[in-house]
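Just below is one structure, and these are the notes that go with it.
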Amino acid sequence: MKKFLASLAGALFVALTLVGFTACKDVDEGKISVYAPDGAPALSIARLISENTDLGKQTSYHVVSSGEITSHVTYEDESKNADLCILPVNAASKLLGSGARYKMLGTVTHGNLFIVANKDKEDITSQNFASALEGKKVGVVNLSAFPGAVFKLLLSNYNISDKVTLGNVGVTEVVGTESNYDYFVIPEPQASTRVGNNNLELKFVGSLQSLYGENGYPQAVLVAKNSLIKSEPQFIANFMQAMQSNAAWLTDDSVELSTIISAVSSIYPSFNSQNFTKDSIKNSAVRFSASVDCKTAVITILNELKAAGDATATTVSDDFFYIP
């Protein structure tokens with residue numbers, strides 16, 4: 001019996017050791033890993049996920065929470081970091097702006113932030129921005145992150161930074177009645193979800209993209225490891241082309257909304273299908289612009305955000321941009 005128990009204990013030890021080893025291993029070992037945060041940036045790889053696009057290489061796709069995404073480029077063990085990753089442009093500048101480890105391949109989204117308010121409120125344009133918001137209270141979803149930084153930039157551009165009271169709010173606080181706030185800044189797709197609920201008495205009254213400029217601003221960018229760029233230049237070129245095709249696919253009338261949603265939710269189950277409509281996808285401004293075409297726009301928005309007080313936005317090196 002003792003001999004049997006000893007053998008059993010030994011077998012259990014080996015089994016547990018193997019389980020532990022498997023759990024600690026990178027499940028995508030040997031694959032090119034692609035990471036995107038939940039929300040609009042995840043849409044930029046929806047077709048690649050849907051069609052299991054590998055571009056001739058073993059490729060794995062991952063969608064994670066927006067609060068987690070930066071961890072996938074900051075592990076001390078470089079082998080654990082994403083090969084390709086989508087990040088807010090200000091976070092990318094702060095963490096990777098030297099170009100020593102990653103380079104920016106391009107911009108994937110160009111602004112998905114909107115102003116909503118009670119249905120009785122007037123629309124906000126570049127002509128009346130200052131007069132409409134002066135003395136008002138504005139609730140911003142994620143005030144301390146990119147949405148807050150861009151709205152503060154607009155307040156600075158229109159010279160009313162000290163004339164508007166800002167507060168951080170959760171999505172469920174965005175309502176058209178019985179609120180302490182006059183206006184709200186909220187991203188898509190949550191903006192369409194809240195406005196689409198007739199009980200909330202909300203409407204779209206402004207677009208931060210339009211208020212900033214005709215073509216919006218770089219919001220989320222795609223970066224790639226220098227080692228991958230060096231070893232797989234053709235894969236990088238093919239991936240950039242696939243990102244451009246993905247943007248057209250999202251707005252193609254022949255592509256069902258359910259196809260887009262199921263692609264992302266297949267790897268990120270909490271991706272909320274109720275949040276998305278074809279309109280909210282259009283409002284997410286997903287389109288790929290290579291670094292060679294958007295370098296100036298990225299430098300401009302970073303300098304503007306920094307000047308407006310965004311502690312995350314950082315001046316980047318020329319080496320940060322991938323220009324083939």
Side-chain angles (χ1 to χ4, degrees), residues 32-46 48 61-74 81-113 142 145-147 149-150 153 187-188 208-209 212-213 215-226 228-229 236-237 239-247 250 284-306 310-324:
I32 295 174
S33 59
V34 182
Y35 279 79
D38 183 20
L43 295 174
S44 70
I45 59 170
L48 283 68
Y61 296 95
H62 309 265
V63 175
V64 299
S65 70
S66 57
E68 179 189 336
I69 191 64
T70 58
S71 68
H72 293 283
V73 295
T74 54
N81 287 320
D83 293 304
L84 297 112
C85 191
I86 297 172
L87 298 162
V89 64
N90 54 352
S93 73
K94 186 176 183 67
L95 298 172
L96 309 171
S98 69
R101 298 168 48 239
Y102 285 83
K103 287 189 181 357
M104 191 190 96
L105 302 185
T107 300
V108 300
T109 66
H110 299 259
N112 67 328
L113 300 169
N142 291 325
F146 190 83
V150 173
L153 169 59
E188 284 285 23
L208 268 60
Q209 294 69 239
Y212 176 83
N215 296 315
Y217 42 79
Q219 182 164 340
V221 299
L222 172 67
V223 299
K225 277 183 178 176
N226 290 347
L228 179 64
I229 293 172
I236 292 297
F239 194 87
M240 292 169 67
Q241 181 59 51
M243 293 291 284
Q244 291 178 332
S245 299
N246 183 97
L250 289 174
S284 295
V286 177
R287 64 180 186 276
F288 185 78
S289 177
S291 288
V292 67
D293 299 314
C294 67
K295 176 181 177 180
T296 299
V298 168
I299 291 172
T300 297
I301 190 68
L302 289 173
N303 287 339
E304 290 177 335
L305 290 172
K306 185 177 179 181
D310 180 14
T312 304
T314 305
T315 301
V316 296
S317 163
D318 277 348
D319 289 339
F320 175 62
F321 299 98
Y322 173 63
I323 312 291

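Not measured: the values here are computed from a predicted model.
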Checklist entry - Can you list the steps and then say if Val150 with Tyr212 is a side chain to side chain contact (heavy atoms under 4.5 Å, CB included)? => result CA-CA 9 Å; Val150 173; Tyr212 176 83; 5.8 Å; no
Item to check | Chi angles and distances behind the side chain to side chain contact (heavy atoms under 4.5 Å, CB included) call for Tyr35, Val64 | outcome: CA-CA 7 Å; Tyr35 279 79; Val64 299; 4.1 Å; yes
Item to check | Full working for side chain to side chain contact (heavy atoms under 4.5 Å, CB included) between Ile299 and Phe321 | outcome: CA-CA 10 Å; Ile299 291 172; Phe321 299 98; 3.8 Å; yes
Item to check | Worked verdict on Thr314 versus Leu302 for side chain to side chain contact (heavy atoms under 4.5 Å, CB included) | outcome: CA-CA 6 Å; Thr314 305; Leu302 289 173; over 6 Å; no
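Once rounded to the nearest 0.5 Å, the distance linking CG of Leu222 with CG of Leu105 reads 4.5 Å. Expressed to the nearest 0.5 Å, how far OG of Ser98 lies from NZ of Lys103 amounts to 8.5 Å. In this structure, OH in Tyr322 is found 6.0 Å from CD1 in Ile229, a value given to the nearest 0.5 Å. Taking OG1 of Thr315 as the reference point, atom NZ of Lys306 lies at 3.5 Å (rounded to 0.5 Å). Interatomic distance, CG of Leu305 versus OG of Ser93, reported as 8.5 Å (0.5 Å rounding).
Between Leu96 and Leu87 there is a side-chain heavy-atom pair separated by less than 4.5 Å. Using a 4.5 Å heavy-atom threshold, the side chains of Tyr217 and Val89 count as separate. At least one side-chain heavy atom of Asn90 sits under 4.5 Å from a side-chain heavy atom of Phe146. Side-chain atoms of Ile45 and Met243, non-hydrogen and from C-beta on, do get closer than 4.5 Å to each other. In this structure the side chain of Lys295 never reaches within 4.5 angstrom of the side chain of Val316, judged on heavy atoms. Within the 4.5 Å cutoff, no side-chain heavy atoms of Ser65 are placed close to those of Asp38. Residues Asn81 and Tyr102 are in side-chain contact: their nearest non-hydrogen atoms beyond the backbone lie under 4.5 Å apart. With contacts defined as side-chain heavy-atom distances shorter than 4.5 Å, the pair Leu153/Ile301 qualifies.
Between the side chain of Asp310 and the backbone N or O of Glu304, no donor-acceptor pair lies under 3.5 Å. Side-chain N or O atoms of Asp319 include none that pairs as donor or acceptor with a backbone N or O of Ala100 at under 3.5 Å. When atom types are taken as modelled, the side chain of Ser33 and the backbone of Ala82 share no donor-acceptor pair closer than 3.5 angstrom. Between the Ser245 side chain and the Gln241 main chain, a donor and an acceptor come within less than 3.5 Å of each other.
Each of Gln209, Gln219, Glu188 was evaluated against Asn112; a single residue qualifies, Gln219, per the side-chain hydrogen bond (donor to acceptor under 3.5 Å, both in side chains) test.
Closest approach of Cys85 and Ile69 over heavy atoms only: SG-CD1, 3.7 Å. Annotation for Met104 and Cys294: closest pair CE-SG, 3.7 Å, computed over non-hydrogen atoms. In this structure, Phe320 and Gly97 approach most closely via the heavy-atom pair CB-O, 3.4 Å. Heavy atoms only, all atoms of each residue included: Ala224 and Ile236 are closest at CB-CD1, 4.1 Å. Of all the heavy atoms in Thr70 and Thr74, the pair that sits closest is O-OG1, 3.0 Å. In plain terms, the two heavy atoms of Thr109 and Ser284 that are nearest each other are CB-O, 4.0 Å.
A search for side chain to side chain donor-acceptor pair (under 3.5 Å) contacts involving Glu68 returns His72, not counting sequence neighbours.
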